[in-house]
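Note on naming: letters A, B, ... go to the chains in the order of the sequence lines (proteins, then strands), and numbering restarts at 1 for each one. Not measured: the values here are computed from a predicted model. Just the heavy atoms: all of them, side chains too, but no hydrogens, waters or symmetry mates, feed the values below.
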Amino acid sequence: MYLTKYFLPILKENPSEAQIISHRLMLRSGMIKQSSAGIYSWLPLGLKVLKKIEQIVVEEQIAAGHIPILMPTIQPSELWKESGRLDDYGKEMLRVEDRHGRLMLYGPTNEELVTDIFRTHISSYKDLPKTLFHIQWKFRDEVRPRFGVMRGREFFMKDGYSFDMDKDSAIHAYNRHMITYLRTYERLGLKALPMKADTGPIGGDYSHEFLVLAETGESQVFYDKSVTDLSLGNRHIDYSDQQDVADIVKKFTQPYARTDETHDENLFNKIPIERRLSARGIEVGQIFYFGTKYSNSMGADIVMPNGDRTPVEMGSHGIGVSRLVGALIEANHDELGIIWPASVTPFDAVIINLKQGDEQVERACSQLYEDLILSGFDILYDDRHERVGVKFATMDLIGIPWQIIVGPRDLAEGFLELKFRADGIRRRIPLGEGSDHLVKALRA
RNA sequence: CGGGGCGUGGCGCAGCCUGGUAGCGCGACGGUUUUGGGUACCGUAGGUCGUGAGUUCGAAUCUCGCCGCCCCGACCA
């Protein structure tokens with residue numbers, strides 16, 4: 001993408017409404033624009049990141065055998081009357097009336113809808129287990145939205161719903177989700193710790209939430225340092241192996257890790273003092289097992305092998321996709337701007353032309369651009385007629401991991417410069433034939 | 001929802017106390033500048049000062065209502 005043809009509305013100054021760093025950087029780098037309190041438009045750069053996160057989330061769900069669907073944002077209130085949540089949910093639920101005077105609502109979550117889908121089409125244990133998920137915009141009319149997309153009213157979220165014939169199988173679904181989530185966060189380059197959670201308004205008695213440690217987090221968390229050393233790495237997961245999956249989950253949930261809601265001072269004090277840690281955390285996901293709460297009230301029964309009818313066992317599992325954009329920035333930035341992890345960066349590299357208008361340099365830049373695009377990279381080419389300082393500052397701000405710097409001085413000697421955003425280190429690289437050197441460096 | 005603050009061109013702000021129909025910086029746009037770390041010069045466009053009512057000869061400035069936005073708290077993915 002040639003920058004002069006793109007839409008990247010950079011702000012030089014901090015908008016006064018943004019207090020925390022991720023919110024500021026998202027506004028300044030032209031990722032989002034506020035539409036009203038807690039509601040945002042996603043501009044090109046922000047949308048690319050949002051979609052990349054979404055893609056990773058989807059891939060990990062599919063890898064575990066979970067099935068994508070898409071449910072609507074506007075839901076009929078009748079289903080919520082059935083489950084009993086129409087009154088329970090309170091003012092957080094945005095209610096609207098259609099032209100016929102029928103009460104509708106903008107979904108804050110989808111248990112009712114998915115249960116309705118399930119009960120009309122599935123009625124036998126033979127069709128189980130099944131996990132349906134979707135990634136859709138949700139709306140919760142927060143009293144006080146804040147922190148930009150991290151606590152908006154409208155938010156993009158993956159929510160998955162598991163259906164199983166018995167509790168054993170449902171717990172396996174729960175465990176499976178925990179691993180898919182851990183994998184997802186690892187791919188995003190985030191350290192997210194699973195913590196024993198309160199079940200909140202959705203109800204149930206089995207729940208973990210995932211927290212990214214960051215000073216601006218909204219929750220106080222307490223944990224055993226040993227939990228931060230755990231990671232899945234590249235190990236292969238066989239999701240059908242119930243025992244193996246349970247063992248992995250056990251390893252990750254064994255060490256003490258709780259938010260202030262479930263914190264138990266006595267248990268915490270049993271951890272050796274040098275491993276006893278407390279910090280702030282951003283919640284980026286939560287998983288629940290809640291049994292038959294909805295299947296019971298909504299009549300989602302299945303026929304068991306012995307012919308008995310019984311309410312299906314359910315769980316729900318959510319990852320805040322739009323919130324993750326903010327969380328990622330909270331975890332990856334410096335005083336100059338954002339530093340994107342390679343997995344979600346809006347562009348793989350940017351070509352900075354130090355002397356726009358110079359025929360040689362322009363030719364070299366376009367050639368590099370073509371070569372790198374052909375090699376499969378997503379490249380931004382800063383071809384603006386701007387001072388170099390402006391270009392460097394802009395690219396540091398938007399946080400593209402690699403900056404390919406091309407100027408007449410180095411070019412005359414057959415070199416260009418490659419700068420890594422994260423550490424600022426620049427390397428002089430021979431232009432060579434084509435862009436082999438670059439491709440190698442970018443893939444490293 | 002309780003407490004506090006703010007609403008003046010795209011962004012950041014001044015002017016308001018001591019009423020006399022708007023100003024600065026950045027940005028945008030058009031030129032010149034060909035630049036190795038937030039750009040130099042010239043020029044142009046853009047605001048009925050959130051909104052409604054009131055006071056007054058006259059309101060961005062004073063009074064009241066309403067709306068919006070931000071911060072702290074309670075709440076929340």
Side-chain angles (χ1 to χ4, degrees), chain A residues 9-20 23-24 27-28 30 33-39 89-93 107-110 137-159 181 192 197-202 207-212 217-219 259-261 281-288 316-324 326-327 335-337 352-362 382 384-397 403 405-412 415-417 419 424 426 428:
Chain A
I10 298 289
L11 301 178
K12 199 164 177 179
E13 288 170 288
N14 275 322
S16 59
E17 78 261 20
Q19 299 299 316
I20 66 160
H23 191 192
R24 274 194 213 158
L27 290 167
R28 288 196 48 212
K33 181 186 184 304
Q34 179 166 322
S35 158
S36 56
I39 303 178
Y89 226 94
K91 287 192 168 178
E92 278 208 336
M93 185 156 75
T109 176
N110 290 63
W137 291 94
K138 311 280 192 297
F139 195 93
R140 290 185 195 170
D141 200 0
E142 297 279 346
V143 228
R144 195 189 153 208
R146 65 186 115 173
F147 303 151
V149 299
M150 290 216 294
R151 177 124 176 241
R153 292 194 290 173
E154 189 177 54
F155 57 99
F156 199 43
M157 180 178 168
K158 173 262 162 182
D159 41 330
Y181 281 21
D198 204 30
T199 49
I202 292 175
S207 182
H208 278 85
E209 49 192 20
F210 298 81
L211 286 107
V212 171
E218 73 275 55
S219 318
T259 66
D260 47 5
E261 289 169 330
I282 302 165
E283 194 193 319
V284 291
Q286 185 161 12
I287 53 178
F288 293 96
S316 73
H317 319 86
I319 282 193
V321 176
S322 50
R323 167 177 276 205
L324 271 167
E335 60 289 344
L336 296 174
I352 299 178
N353 183 337
L354 292 184
K355 192 172 182 181
Q356 207 65 44
D358 181 303
E359 211 179 302
Q360 301 271 24
V361 183
E362 283 188 356
D382 191 345
R384 293 175 297 170
H385 285 266
E386 290 285 359
R387 294 249 167 184
V388 294
V390 176
K391 295 192 177 189
F392 286 130
T394 301
M395 294 311 143
D396 284 344
L397 172 66
Q403 297 175 9
I405 303 162
V406 185
R409 215 168 59 195
D410 285 341
L411 192 62
F415 283 89
L416 51 78
E417 240 178 9
K419 175 179 142 181
R426 315 159 168 226
R428 245 179 139 229

Tell me which nucleotide, if any, is Watson-Crick or G-U wobble paired with [N] when both distances must be under 3.5 Å.
| N | answer |
| --- | --- |
| B:U48 | none |
| B:G68 | B:C6 |
| B:G73 | B:C1 |
| B:A40 | B:U32 |
| B:U21 | none |
| B:U63 | B:A53 |

* Asked: Regarding A:Asp382 and A:Gln356, is there a side-chain donor-to-acceptor distance under 3.5 Å anywhere?
  -> no

* In terms of side-chain heavy atoms, does A:Arg384 have a donor or acceptor partner in A:Thr394 at a distance below 3.5 Å? -> yes

Determine the contact category for [X]: base if any of its heavy atoms lies under 4.0 Å from a base atom, sugar-phosphate if only primed atoms, P, OP1 or OP2 are that close, otherwise nothing.
| X | value |
| --- | --- |
| A:Gln19 | sugar-phosphate |
| A:Gly337 | nothing |
| A:Asp358 | nothing |
| A:Lys91 | sugar-phosphate |
| A:Pro108 | nothing |
| A:Gly320 | nothing |
| A:Lys158 | nothing |

* Asked: Given that A:Val149 and A:Gly38 both sit by RNA chain B, which one's nearest nucleotide is further toward the 5' end?
  ->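 Between the two, 5'-proximity favours A:Gly38.
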
* If each of A:Val143 and A:Glu261 is mapped to the nucleotide of RNA chain B with the nearest heavy atom, which maps nearer the 5' terminus, i.e. the 5' end? -> A:Val143

Quiz item: [X] side-chain donor-acceptor pair to [N] base, under 3.5 Å:
| X | N | value |
| --- | --- | --- |
| A:Arg323 | B:C76 | no |
| A:Asn14 | B:G12 | no |
| A:Glu13 | B:G25 | yes |
| A:Arg140 | B:C76 | no |
| A:Arg426 | B:G37 | yes |

Within the pair [X] and [N], is there a side-chain N or O less than 4.0 Å away from OP1 or OP2?
| X | N | value |
| --- | --- | --- |
| A:Arg144 | B:C69 | no |
| A:Lys355 | B:U34 | no |
| A:Lys12 | B:U39 | yes |
| A:Gln34 | B:C70 | yes |

* **From CA spacing to verdict: salt bridge (charged side-chain N to carboxylate O under 4.0 Å, His left out), A:Arg426, A:Glu417** => CA-CA 6 Å; A:Arg426 315 159 168 226; A:Glu417 240 178 9; 2.7 Å; yes

Would you indicate which nucleotide in [options] comes nearest to any side-chain atom of [X]?
| X | options | result |
| --- | --- | --- |
| A:Pro408 | B:C75, B:G36, B:G38 | B:G36 |
| A:Val388 | B:G38, B:G37, B:C69 | B:G37 |
| A:Arg146 | B:C75, B:C11, B:G38 | B:C75 |
| A:Glu218 | B:C70, B:C75, B:C76 | B:C76 |

* Asked: Under a 4.0 Å N-O cut-off, is there an ion pair linking A:Asp396 with A:Lys419?
  ->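 Salt bridge present between A:Asp396 and A:Lys419.
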
* How far, in whole Å, is B:C67 from B:G52 if one measures between their P atoms? -> 15 Å

* A:Gln19 side, atom CD; A:Asn14 side, atom CG - distance, nearest 0.5 Å ->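 Nearest 0.5 Å value for the CD-CG distance: 9.5 Å.
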
